[in-house]
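Notes follow once the structure below has been shown.
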Number of protein chains: 2
Amino acid sequence: MASTVSIIGCGLIGRAWTIVFARAGLDVRVWDADPATTEHAMATLHTTCVEAGEDPSILARVTVVQDMQSALEGSDWVQENGPERIEIKRQLYADLDRLAAPETILASSSSALVASQFAEGLAGRHRILVAHPVNPPHVIPVVELCPSPDTAPHVMDNAEALMRDVGQVPVRLSREIDGFVLNRLQAVLLAESLSLVAQGIVSPEGLDDTICHGLGRRWTLLGPLATINLNAPRGIVDYLDRYGPTMARLSNSAARGDAFTRKAGEIAAAALPGSDQVASLSRSRDRKLAALDNFLKSLKEEK
Amino acid sequence: MASTVSIIGCGLIGRAWTIVFARAGLDVRVWDADPATTEHAMATLHTTCVEAGEDPSILARVTVVQDMQSALEGSDWVQENGPERIEIKRQLYADLDRLAAPETILASSSSALVASQFAEGLAGRHRILVAHPVNPPHVIPVVELCPSPDTAPHVMDNAEALMRDVGQVPVRLSREIDGFVLNRLQAVLLAESLSLVAQGIVSPEGLDDTICHGLGRRWTLLGPLATINLNAPRGIVDYLDRYGPTMARLSNSAARGDAFTRKAGEIAAAALPGSDQVASLSRSRDRKLAALDNFLKSLKEEK
């Protein structure tokens with residue numbers, strides 16, 4: 001198992017990753033390109049820990065450093081959390097590939113760019129992949145691992161093993177695809193949600209209730225495929241035989257990209273908490289996510 | 001509040017509804033068109049109660065009767081759970097409308113048919129609606145309330161009030177739409193899920209993990225709109241300004257109805273528990289859903 005990891009970029013995601021690795025017992029070296037962020041990194045990490053109900057003593061394993069080179073010292077794994085802009089990522093990976101030891105794996109938290117867009121042409125492109133977390137990874141465990149065509153299989157194996165070792169749930173993609181898996185699923189659900197609200201079929205609260213007091217609960221326990229595997233007497237193939245044509249018809253009449261309108265957003269915004277509450281509600285959400293994670297772990301132990 | 005309800009059709013859904021109403025303190029009159037189902041109704045209700053961790057003493061409020069007329073005696077609300085076949089539903093509603101007292105509300109658990117398909121032309125069409133639960137409603141609280149063009153607004157108001165009174169979460173639709181809200185959302189997510197698995201982008205387990213250890217957790221706490229309202233500093237409109245174009249692009253490239261193939265089902269089936277385990281896993285799922293419901297209620301009380 002890796003013993004030292006580097007966090008490159010210490011915003012929201014970088015801090016959450018720092019907690020993931022530090023609480024798993026790894027040494028973490030943290031650096032941000034912005035000197036002000038680096039200066040306050042230890043204090044903000046402390047706050048993030050406390051808010052998440054994590055013991056801040058795990059931060060004894062964290063060293064905040066002043067330059068990229070020092071951040072890479074002795075590192076087995078780099079988790080990069082820079083801005084999602086292609087020209088910045090290209091420069092960043094050129095630097096990382098030049099400065100990191102040859103065996104160090106370079107993983108990007110990118111949600112929008114695929115690795116081939118910033119790894120192409122680099123000597124170490126075989127050791128570069130995307131490890132896309134859900135925000136924030138210290139309370140939501142899934143991590144999408146997506147190779148470029150150049151990423152070596154043993155790098156993917158090591159990435160998967162490391163993520164399991166630190167308590168995350170790695171999901172391995174076989175090849176690059178726009179949006180990876182998670183945001184593709186989110187996009188289709190959001191398109192239909194926004195469309196139903198914009199059409200006035202259901203209120204924004206009703207739409208959210210349908211998921212959070214309905215489908216979301218099944219999906220949290222089982223995932224969508226395991227869910228329908230139990231919704232017909234002979235499993236998922238039986239389900240598709242019985243209900244596939246209906247579900248196909250509903251899909252064919254569903255909304256597409258043109259549902260992402262400002263008007264739909266404004267209808268939803270009028271029913272949702274205002275932007276002045278985003279920060280406090282995010283903290284509350286993270287506390288609840290941590291409690292949900294503990295609850296789901298206790299359920300698993302029971303079975 | 002209603003004091004007596006009738007359960008017409010006592011299969012899986014009818015039994016679950018019986019528990020919902022009986023544990024809320026209502027008198028429940030149960031009848032099934034199949035004499036064998038009626039004969040064993042009390043025993044199967046007992047089993048369903050025990051499996052769900054409900055005190056079987058609530059069944060003291062339940063009376064199983066031998067004919068439809070007796071089931072409707074003194075009833076404020078009829079919850080109908082017959083087969084989803086239009087000719088059966090039409091006959092059933094003609095009978096219910098003829099036999100039930102004029103003020104009794106007639107609600108169908110239908111997931112596939114809309115009320116206008118079986119209420120049209122009936123004298124009491126103003127008192128007929130769909131109250132579509134998620135299976136099984138005694139452990140998943142959401143209920144979609146969908147009027148036909150003839151359903152009276154006060155009937156919808158009473159339906160909403162009753163569902164809240166018995167501890168369910170009613171979601172009111174403004175008008176009929178194919179699949180209502182819940183199955184439209186499920187359909188788009190399933191189409192993209194099956195497509196990603198059939199393309200070999202991700203394994204069935206990986207697909208399920210992405211939701212149940214990722215997005216599903218957020219959606220269980222907040223719903224999809226409240227989720228994105230916290231994913232940009234100034235809320236949902238800000239989110240759509242920043243990420244709308246990306247999400248629109250992902251939606252436009254998403255799978256549609258042709259993703260519901262037997263091949264996709266077979267790939268998933270090979271990775272999922274076999275059909276011999278459907279019954280026992282369903283019972284385990286229901287126990288976990290009941291525990292999750294309690295957990296989520298405890299979270300709400302905290303805040």
Side-chain angles (χ1 to χ4, degrees), chain A residues 134 141-142 169 171 173-174 177 179 181-182 184-185 187-189 191-193 200-202 204 206 208-217 219-221 223-226 229-230 234-237 240 244 247-248 250-252 254 256-257 260 265 268-269 272 275 278 281-282 288 292 295 299, chain B residues 134 141-142 169 171 173-174 177 179 181-182 184-185 187-189 191-193 196 200-202 204 206 208-214 216-217 219-221 223-226 229-230 234-237 240 244 247-248 250-252 254 256-257 260 265 268-269 272 275 278 281-282 288 292 295 299:
Chain A
V134 180
V142 83
V169 176
V171 169
L173 278 64
S174 65
I177 183 170
V181 168
L182 185 138
R184 294 189 70 81
L185 297 174
V188 293
L189 195 91
E192 185 61 16
S193 297
I201 297 283
V202 69
D208 275 345
D209 281 347
T210 306
I211 295 293
C212 76
H213 297 292
L215 277 177
R217 296 188 180 194
W219 288 342
T220 295
L221 294 175
L225 300 175
N229 193 44
L230 301 186
R234 288 183 306 281
I236 188 167
V237 175
L240 290 173
M247 293 312 236
L250 298 177
S251 301
N252 285 334
R256 306 225 94 181
F260 290 88
L272 286 163
S275 57
V278 167
L281 286 172
S282 298
K288 290 176 180 176
L292 179 58
F295 166 78
L299 267 191
Chain B
V134 179
V142 83
V169 176
V171 169
L173 276 63
S174 64
I177 183 171
V181 169
L182 184 138
R184 295 189 70 81
L185 297 175
V188 292
L189 195 91
E192 185 62 15
S193 297
L196 290 168
I201 297 283
V202 67
D208 276 345
D209 281 347
T210 306
I211 295 294
C212 75
H213 298 292
R217 295 187 180 195
W219 288 341
T220 295
L221 294 176
L225 300 175
N229 193 44
L230 301 186
R234 287 183 306 282
I236 189 167
V237 175
L240 290 173
M247 293 313 236
L250 298 178
S251 300
N252 285 334
R256 306 225 95 181
F260 290 88
L272 286 163
S275 57
V278 166
L281 286 173
S282 297
K288 289 177 181 177
L292 180 58
F295 167 77
L299 266 192

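Residue B:I236 touches chain A through its side chain alone, counting heavy-atom pairs closer than 4.5 Å. Both the backbone and the side chain of B:L225 come within contact range of chain A, judged by heavy atoms closer than 4.5 Å. Residue contact with chain A, scored on non-hydrogen atoms closer than 4.5 Å, involves the side chain of B:L196 exclusively. Only the side chain of B:V169 has a heavy atom closer than 4.5 Å to any heavy atom of chain A.
Minimum interatomic distance between A:A248 and B:G257 (heavy atoms only, all atoms of both residues): CB-O, 3.4 Å. Among all heavy-atom pairs drawn from B:E192 and A:V188, the shortest one is CB-CG2, 4.3 Å. Smallest separation of non-hydrogen atoms from B:P141 and A:H213: CD-O, 3.4 Å. In terms of heavy-atom proximity, B:L185 sits nearest to A:S193 at CD2-OG, 3.5 Å. Shown here for B:G265 and A:L240, the closest heavy-atom pair between the two residues is CA-CD1, 3.4 Å. When all heavy atoms are compared, the tightest approach of A:G223 to B:C212 is N-CB, 3.7 Å.
For chain B, the option among A:I201, A:N252, A:L250, A:L272 with the highest count of heavy-atom pairs below 4.5 Å is A:I201. For the set A:A268, A:S282, A:P224, A:G235, the entry with the most heavy-atom pairs within less than 4.5 Å of chain B is A:P224. Most heavy-atom pairs under 4.5 Å with chain B: of the set A:V202, A:N229, A:V134, this distinction falls to A:N229. Interface summary for chain A: among B:G179, B:A269, B:G214, the most heavy-atom pairs under 4.5 angstrom belong to B:G214. Note on A:L173, A:L182, A:D209, A:L281: by heavy-atom pairs under 4.5 Å with chain B, the leading option is A:L182. Across B:A226, B:P204, B:A191, the residue that shares the most heavy-atom pairs under 4.5 angstrom with chain A is B:A226. Heavy-atom pairs under 4.5 Å with chain B peak, among A:S174, A:G216, A:G244, at A:S174.
The side-chain heavy atoms of A:V142 and B:I211, taken from C-beta on, include no pair separated by under 4.5 Å. Under the 4.5 Å side-chain criterion, counting only non-hydrogen atoms from C-beta, A:F295 is not in contact with B:L299.
Here the CZ-CE distance, from A:R184 to B:M247, works out to 11.0 Å after rounding to the nearest 0.5 Å. The OG atom of B:S275 sits 11.5 Å away from the CG atom of A:L230 when rounded to the nearest 0.5 Å.
Side chain of B:R234 to main chain of A:V278: no donor-acceptor pair is present (N/O by atom type, distance under 3.5 Å, no hydrogens or angles).
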